[in-house]
Structures are given as C-alpha cells and as structure tokens.
Amino acid sequence: MKQIAVVGVGYVGLVTAACFADLGNKVIALDIDEERIARLKRGEMPIYEPGLEELVRRNVHAGRLAFTTSYREALDGTEFAFIAVGTPEGVDGEADLRYVEAAAKSIAETMREPLIVINKSTVPVGTGDWVADIIRQHQPEPVPFSVVSCPEFLREGSAIADFMNPHRVVLGSTDKDAAEKVAQLHLPLRAPIIVTDLRTAEMIKYASNAFLATKISFINEIANICEALGADVEEVAVGMGYDPRIGPLFLKAGLGYGGSCFPKDVKALAHMAEEKGRHPQLLHAVMEINADRRRMVVERVKEMLGGALEGKTVGLLGLAFKPNTDDMRESPAIDIARGLQEAGATVRAYDPIAMDNAKAIMPGVTMCADPYALAEGSDALVVVTDWNEFKQLDLEKVRDLMRQPVMFDGRNIYDPEKMCALGFRYHGVGRGYACPQPEADEAEDAM
Ligand code: UDX
C-alpha cells in the first residue's frame, strides 16, 4: 500500500484522491479551506460529480481516504504529493499561480523525508521548474525531492470513468527514477504511459485542450456556412467523422465551448506564445468564433421574434456549460442571458441542477420550477444545455403554454421537421432546414 498526499480538494484533487484510494492506496487529501474539509468529513461533496459521493464514502469507510487541513498530517510518511490546486485565469489571460506557489511553499516547509511532488494542475509551460526552485528556496534544510508533471484530462460528468480508463498517462520529469515511481502508481489503469521532460508534458496538456477547442470552433464555423448554403451540419459532421484522420468526436456544433478548462487554457496558451513574441493567429480565431456563438443566439432570437426583443420574455432551457454538471463556469448561458437582457428581453431559466450556482451570477434572471413553468407565457425558448430530460419533453404541452411557439435549439436536440409539424417556429444550429411556408391559398383559407 503506497501512501499519497493530494493537495487541493477541488474537482481534480477530490477525484484523484478518491480514485487512487479506490486503487488500494492510502490517500490523505488536504485543503486549506477548513469549511470544505469539515463538510467532506461529514460526507458532503463540494461539487456534483456522478458516483463521487459513493466512491468517497466507500474509501473513507475502508480507511484508505482521509481529509485534513494539516500539511504535517498529510505529508508524514508519504512518498508522493500531488498538487491539484486551482489555477484560475489572471487579468491578462495568463494562469494565476498563487495557489500553486502557496502549496509548493507549504510542502517545502513541512517535508522531512524524500518526496516526489507531482503537479496535476494545468500550469504554464515552465511551472514545474519554478515549483522546484520554490521548494529548494523554502526548505529549512535540504531534503531530496523531485518534481513530476502529470496533467489531468478529466471531463466533468465522467471524471471517475476518465480517471480509471485514461487514453494515456503523461509524465514529465528530469528525474527518470521519480517518473518511473509515478508510472508504477498508474500501472493498474493499464493505459499507455508517456514519459517525457517537464516542459513537454505541460505543453501536451495545453496543446490537447487547444486542439479540442479548435475542433469545436471549426465545426461551428462550418455550421454557420451550412446555414447560409442550406446544408445540415449534423450530417456533415457524421460524414466527416468516418475518416479516421478526422474522427467523430468533438464535432458537435452548438453554442461553443465553456467550462473551467477550454476557455482558460486556450487563452493561457495564446498568452504564453505572445509573451515570447509569437502570433498565435489560429488560437485567436478559435476564441473569436466561440464568442460569436453567444452573440449569434441573441441575433437569431431577435429575428425569430420579428426584429425586436423589448417587452419579450425568453426562457433558457438549461444553464450549466454542459449536461450532468452544475458547473456554471464560462457557460454560454451567462452571456446569452446578458445579451438578451441588454436588448430589452425579460429572461427566465430552468436547469435540473445548476440553478443554485447560476442565481448568484445571473442577476435579473428568474428561475423556474420546471420546463413547463418556463414555457408558460414565454415568447421564445432557447435550448442552451443538452440535458437528456429536455429531449423527452411533452412538446405539444410546451407549445400550448407558450405565448408564441418560437424555439431556438442551440444544441440540435430536436428534429426540425417534427418541430415544424408541431407548429413551432423552429431553428436549430447549422441547419438550412426551414419550416415550409403554407401555400398561398391555404394561407388565405387560414385568414
Ligand atoms: C475538458 C476536456 O475534455 C478535458 O480533457 C480537460 O481535462 C478539461 O476540459 P470539460 O471541460 O469537463 O473537459 O468538458 P468537455 O466535455 O470536454 O466539453 C467542453 C465544452 O465543449 C462544453 O462546453 C461542451 O458543450 C463543448 N463541446 C464539446 C461542444 O460544443 N461540442 C463538442 O463536440 C464537444
């Protein structure tokens, strides 16, 4: 049984701690937030992640997982210390490293035995070397240590499965023995393990996230062109995805990427490049296309409502940046609500689990008890998050409750033909399909 300390009990830290404990290691997870640790000791999760509560409970019960605010307790007798603290976005788009710095100092001041410090947080290229300098400078007396970079690739909503079945484990270090020991910890995961130098490992994380964000912006650009030319982006993506050089994943057109990683990481990579005098044109285009998706929604809803939003009520179906999470960070819902409000609309919203988090950051948006309460009296609905429960709605009931049956489906969860047949004025994303106009004499009959 190996003993592992995990510093920082946020998303990445908590999943890492619980999963390593489940693999049979003894894990002590530390956070300086006393309230968070007290809640975890009571079995309350600080985040929503499917399966996490049960995983934590099981491993605490088995004596393999414990929580503390004391570095002394966390580091006593441990050979591995993972740093998994937050790296929020700084004022100019650079990563803010103050929590990494604080963790490195505390580790240096507390460690008494040789230690492998493994960085899991997404940090700018070169941070591993900087962490090693901080530890060296703050050790009261020299104790051997090594720094290894081991970037995480977890997705919210499937973080446990992603940890347990990774596509690859990336390890970067100048100390091959230390990298080998960290590789041993990951052997039960049966994944390919890539051992490289510190900076390359850090870069692999940024390059991977930037590439995925580029794929999303690419398909959103194609969606725009499809709309103009009368093609269907959903089928275009399927047709492209069969080519193994392209692949089917991350080609879902929609409202652009949000969340805690892609927006921050693309910006940080561009910032790193510019600091060194490079011009990351592609990254800037990726970010611009992403920002445009949110503006586009406001324009489209305005058009669908006859050119003006003053006095109109618009309902947002979904608030979280993606389904199966209550995370509102960089969610398109925030900008869309603000844009609609600025254009004079009253905005209401419903989300299965993100409404509590959303309330604080979406002033003036009324939260509704369910999708039908949201539909009642709305002039238009916008699908912002592709929650499964929205795919099962009684759409006839929704239509009858609305003041006008206008639906902008930002995630293409409905069939355009069916929506038109139900009497909705419907628009999806990147689909040239338009509801057939009634024949001239039919239209006259209807008058
Ligand atoms: C992402 C990475 O996938 C993960 O490897 C990394 O460690 C952290 O960032 P996450 O932010 O949890 O994970 O979400 P992900 O499922 O990747 O989706 C990111 C965003 O892209 C969401 O806003 C999603 O709606 C959007 N997206 C994703 C699309 O718009 N289209 C797609 O085809 C895929």
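Below, each value reflects all heavy atoms present in this structure, side chains not excepted, and no hydrogens, waters or symmetry copies. As the structure lists them, so they are numbered: ligands from 1, and atoms in each ligand from 1.
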Quick one: nearest non-hydrogen protein atom to atom 33 (O) of ligand 1, plus distance?
Lys252 N, 2.9 Å
Quick check: Cys261 and ligand 1, any N/O pair under 3.5 Å apart?
no
What is the minimum heavy-atom distance between Ala253 and Val429, and which atoms define it?
CB-CG1, 4.2 Å
Please write down residue, atom name and distance for the protein heavy atom closest to atom 4 (C) of ligand 1.
Leu154 O, 3.4 Å
Atoms in ligand 1 flagged as close to Glu156, the criterion being non-hydrogen separation under 4.0 Å:
12 (O)
Among residues at least two apart in sequence or on other chains, which ones pass side chain to side chain donor-acceptor pair (under 3.5 Å) with Asp265?
Asn209
Residue and atom name of the nearest protein heavy atom (relative to atom 27 (N) of ligand 1), distance in Å to one decimal
Ile216 CD1, 3.4 Å
min-distance protein heavy atom vs atom 13 (O) of ligand 1 -> Arg155 CG, 3.6 Å
Hey, does Arg411 sit under 4.0 Å from ligand 1 if you only count heavy atoms?
yes
ring-ring contact (aromatic ring centres under 6.0 Å, His included), that's the test. Do Phe20 and Phe80 meet it? Break it down for me.
CA-CA 12 Å; Phe20 271 127; Phe80 302 97; 8.6 Å; no
Nearest-neighbour protein heavy atom for atom 5 (O) of ligand 1, which is reported as residue plus atom name and distance
Phe153 O, 3.0 Å
So, 4.0 Å and heavy atoms of Lys205: is ligand 1 close enough to count as a contact?
yes
To the nearest 0.5 Å, what is the distance between CD1 (Ile219) and CE (Met240)?
5.0 Å
Under a plain distance cut-off of 3.5 Å, with no hydrogens placed, do His271 and Glu89 share a side-chain donor-acceptor pair?
no
Looking only at heavy atoms of Gly258, does any of them come nearer than 4.0 Å to an atom of ligand 1?
yes
Passes side-chain contact (heavy atoms from CB on, under 4.5 Å), Asn357 versus Arg329? Steps please.
CA-CA 9 Å; Asn357 286 346; Arg329 283 177 288 180; over 6 Å; no
Around atom 16 (O) of ligand 1, find the nearest protein heavy atom and jot down its residue, atom name and distance.
Lys322 NZ, 2.8 Å
Using the ring of each side chain (for Trp, its six-membered ring), is His186 parallel, tilted or perpendicular to Phe163, with breaks at 30° and 60°?
tilted
Using a 4.0 Å cutoff against the non-hydrogen atoms of Glu152, which atoms of ligand 1 qualify?
7 (O)
Just verifying a value: how many Å separate Leu395 CG and Leu422 CG, rounded to the nearest 0.5 Å?
6.0 Å
Does Ser260, backbone or side chain, put an N or O under 3.5 Å from an N or O of ligand 1?
no
Check: Lys322 and Arg155 side chains under 4.5 Å, non-hydrogen atoms:
yes
From atom 11 (O) of ligand 1, work out which of Phe321, Tyr257, Phe250, Phe262 has a heavy atom at the shortest distance.
Phe321
For Leu340, which of Val365, Val347, Thr346, Asp335 qualifies under side chain to side chain contact (heavy atoms under 4.5 Å, CB included)?
Val347
Contact atoms of ligand 1, heavy-atom distance to Leu251 under 4.0 Å
33 (O)
